[in-house]
Engineer: 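Below you will find the structure I want to go over with you.
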Amino acid sequence: MLVGQKEKGIFINGEWRDSYSGTVRAIINPATLEKLTEISYGGKEEALEAVEEAKAAFPSWSKKTARERSTFLYKAYEKMLENKEQLAQILTSEQGKPLTEARTEIESAASYLLWYAEEANRVYGEIIPSSKVNRRSLVIPQAIGVIAAITPWNFPASMVTRKLGPSLAAGCTVVLKPASQTPLTAMAIVKIFEEVGLPKGVLNLVSGDAKGVGEALTQSPDVRLITFTGSTEVGRELMKNSAQHIKKLSLELGGHAPILVMDDADLENAVDLTLASKFRNCGQTCICANRVYVHREIADSFVEKLAVKVKSMKIGNGIDEATVIGPMIDRNAVEKAAEHVEDAVHQGATIITGGKEWQGNLGGHFYEPTILVDVNDQMKVMNEETFGPVLPIETFDSIEEVIEKANQLPYGLAAYIMTESTNRVFQLSEALEYGIIGVNDVFPATAEAPFGGIKESGFGKEGGKEGIMEFVEMKYVSIGMTN
Ligand code: ADP
């Protein structure tokens, strides 16, 4: 069991270590505010050392056959599933989401290891038909080198494996920096790789001060790519700091997903899907609905049905099997949700349900699931990512109007369409400026499909055959021949 008095949160070249400064960080259960454990907490120095070791491990790891590398991923996949329950408990303890969601996340996280164990063997090159008789043109795929993976707290398992699976499969070596709030799940995953015998130095983990570690990873010329999931603000900073060495980036940043409920939608289904999209992980998901546009003809009955279900959602500690709405990650998250609701109400919004902090007796960070109507485009909730259980609903009359509204923000991660019309599926999917479109589907993330945003939601894909290619350089080899 990982959770104890004190854990070593730094893993470099196959060794679990304390930080040089002796600094530790308390890991807090957001439902109860109890301290779960303390972990050693590093910074720049440890990150640079991890890069050195990853660099040293790269030649032999990248030269292994794809089949050899994939064997480690298969074993780690199996071990993750064997340990599903324990991993889910760790995840819920440090992150807060209901246990059922944590179990699903572990399964999903493991599926990325399986998928990339398979894809490792399908990174093909090319021989291009030459324009000259005495030349042969080859394209050979090669692992890019040492990569840094920086992951967020909202999906502490799947955001880690979504980066480890393809990068390790491609032949890269890795320095992983998990979110400061949720390092325990990442540590448990790294332990699994250790147990299956991954060679030393191939995967390193540095829990630590985000700024210090971030600086080390961006400033080191030996880190050839940074794969990051987190806020647009930090993504922008990483991009700026990566400019010096022209480092490659893959960025999955903030979103502000709209759900478009058309007048021909299956209403019951649309209500259930909206509910699932908005309130899973207490609204702390980068692709979860941040705003709903519902056709005026069906708006009243949509809101009425939604409100009945939202009012019955059980709030509590995620570890309790009956809980549907768990805690938010920290005080700041609660305050942001409250600020968005206050701002909306101040500008004329009506609260249908929720609208305040939950007064349970658990001591943690809770906010009630909230529905707002009478909202407008000036409100913060319609413009900034709330990352909380607040759902603003606006009505629309025409398809042109709703397309314009859906596209008016700088974000472009995910958008959802509820409709039974094939015409509208194509019309809207093509018109919406988003990297991911869910049609009567609010769980589009899956190992076999390319996940990623456009505009200020980032670039680069995770999942699918595209995901592994982020970590591969296509080298062109031109061969001159003598007659
Ligand atoms: P969130 O708002 O979800 O916490 P962040 O973008 O702040 O999103 O955090 C996502 C990840 O980025 C976390 O691992 C966090 O520690 C890390 N991070 C935050 N600031 C920096 C930074 N300046 N450089 C590198 N990583 C950072």
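Source: prediction; values computed, not measured. Counting starts at 1 for both ligands and their atoms, following the listed order.
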Engineer: Could you check atom 4 (O) of ligand 1 against the protein and tell me its nearest heavy-atom contact, residue, atom and distance included?
Structural biologist: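 Here the nearest protein heavy atom works out to W153 NE1, 3.0 Å.
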Engineer: Would you list the atom pairs, donor with acceptor, under 3.5 Å between side chains in residues 73-83 and any protein atom, with sequence neighbours excluded?
Structural biologist:
from, atom 1, to, atom 2, distance (Å)
N83, ND2, K79, O, 2.8

Engineer: Using atom types as modelled, flag every donor-acceptor pair under 3.5 Å from a side chain in residues 382-393 to any protein atom, sequence neighbours excluded.
Structural biologist:
from, atom 1, to, atom 2, distance (Å)
N383, ND2, D377, O, 2.7
N383, ND2, M379, O, 2.8
E384, OE1, H340, NE2, 3.3
E385, OE2, G255, N, 3.3
T386, OG1, N290, ND2, 3.2
T386, OG1, H340, ND1, 2.9

Engineer: Validate the cation-pi geometry between K97 and F155: distance from NZ or CZ to the six-membered ring centre under 6.0 Å, angle to the ring axis within 45°.
Structural biologist: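 Geometry flag: set, cation within 6.0 Å and 45°.
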Engineer: Cation-pi check for W16 against K191: NZ or CZ below 6.0 Å from the six-membered ring centre and within 45 degrees of the axis, yes or no?
Structural biologist: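 So K191 does make the cation-pi contact.
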Engineer: Within a distance under 4.0 Å of any heavy atom of G214, pick out the atoms of ligand 1 and give their elements.
Structural biologist: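 Answer, ordered by atom number: 24 (N), 25 (C).
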Engineer: Taking only non-hydrogen atoms of T229, do any sit less than 4.0 angstrom from ligand 1?
Structural biologist: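 The answer is yes: ligand 1 sits under 4.0 Å from a heavy atom of T229.
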Engineer: Tell me the protein heavy atom at minimum distance from atom 2 (O) of ligand 1, and give that distance in Å.
Structural biologist: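 Its nearest protein heavy-atom neighbour is S231 CB, 4.3 Å.
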Engineer: Using a 4.0 Å cut-off to any heavy atom of A210, which atoms of ligand 1 qualify?
Structural biologist: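 Near A210, the atoms of ligand 1 are 16 (O), 18 (N), 19 (C), 20 (N), 21 (C), 22 (C), 24 (N), 25 (C), 26 (N), 27 (C).
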Engineer: Check contact between F228 and ligand 1, using heavy atoms of the residue and a distance below 4.0 angstrom.
Structural biologist: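 For ligand 1, residue contact (heavy atoms, under 4.0 Å) with F228 is present.
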Engineer: Are K177 and E46 close enough for a salt bridge, meaning some N to O gap below 4.0 Å?
Structural biologist: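 No, K177 and E46 are not salt-bridged.
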Engineer: Quick one: does K177 get an N or O within less than 3.5 Å of an N or O on ligand 1?
Structural biologist: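 Indeed, backbone or side chain, K177 has an N or O that close.
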Engineer: List ligand 1 atoms under 4.0 Å from A179, heavy atoms only on the residue side.
Structural biologist: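 In order of numbering, the contacting atoms are 13 (C), 14 (O).
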Engineer: Can a protein heavy atom be found under 4.0 Å away from atom 9 (O) of ligand 1?
Structural biologist: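 Flag for atom 9 (O) of ligand 1 set to false, no protein heavy atom closer than 4.0 Å.
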Engineer: Below 3.5 Å, N or O to N or O, backbone or side chain included: is there any such pair between K211 and ligand 1?
Structural biologist: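 No, no N or O pair falls under 3.5 Å.
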Engineer: Heavy-atom pairs closer than 4.0 Å: do any link ligand 1 to the side chain of E237, the backbone, both, or neither?
Structural biologist: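 Looking at E237 and ligand 1, just side chain atoms fall under 4.0 Å.
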Engineer: Would E49 and V206 count as a side chain to side chain contact (heavy atoms under 4.5 Å, CB included) if you check the C-alpha gap in whole Å, the side-chain angles of each, and the deciding distance to 0.1 Å?
Structural biologist: CA-CA 10 Å; E49 204 175 322; V206 182; over 6 Å; no
Engineer: Could you tell me which atoms of ligand 1, counted from 1 in the order shown, lie closer than 4.0 angstrom to a heavy atom of G230?
Structural biologist: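 Ligand 1 atoms under the 4.0 Å threshold to G230: 6 (O), 10 (C).
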Engineer: Please round to the nearest 0.5 Å and tell me the distance separating atom CD1 of I147 and atom CD1 of I226.
Structural biologist: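 Going from CD1 on I147 over to CD1 on I226, the span is 9.5 Å.
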Engineer: Of L217, V234, T151, L253, which has the heavy atom at the shortest distance from atom 11 (C) of ligand 1?
Structural biologist: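 Answer by nearest heavy atom: T151.
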Engineer: Can you tell me how far the OG1 atom of T182 sits from the CG atom of N154, to the nearest 0.5 Å?
Structural biologist: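 If I round to the nearest 0.5 Å, the distance is 8.5 Å.
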Engineer: Evaluate F228 against K163 for side chain to side chain contact (heavy atoms under 4.5 Å, CB included), listing each step before the verdict.
Structural biologist: CA-CA 9 Å; F228 169 78; K163 298 182 188 318; 5.7 Å; no
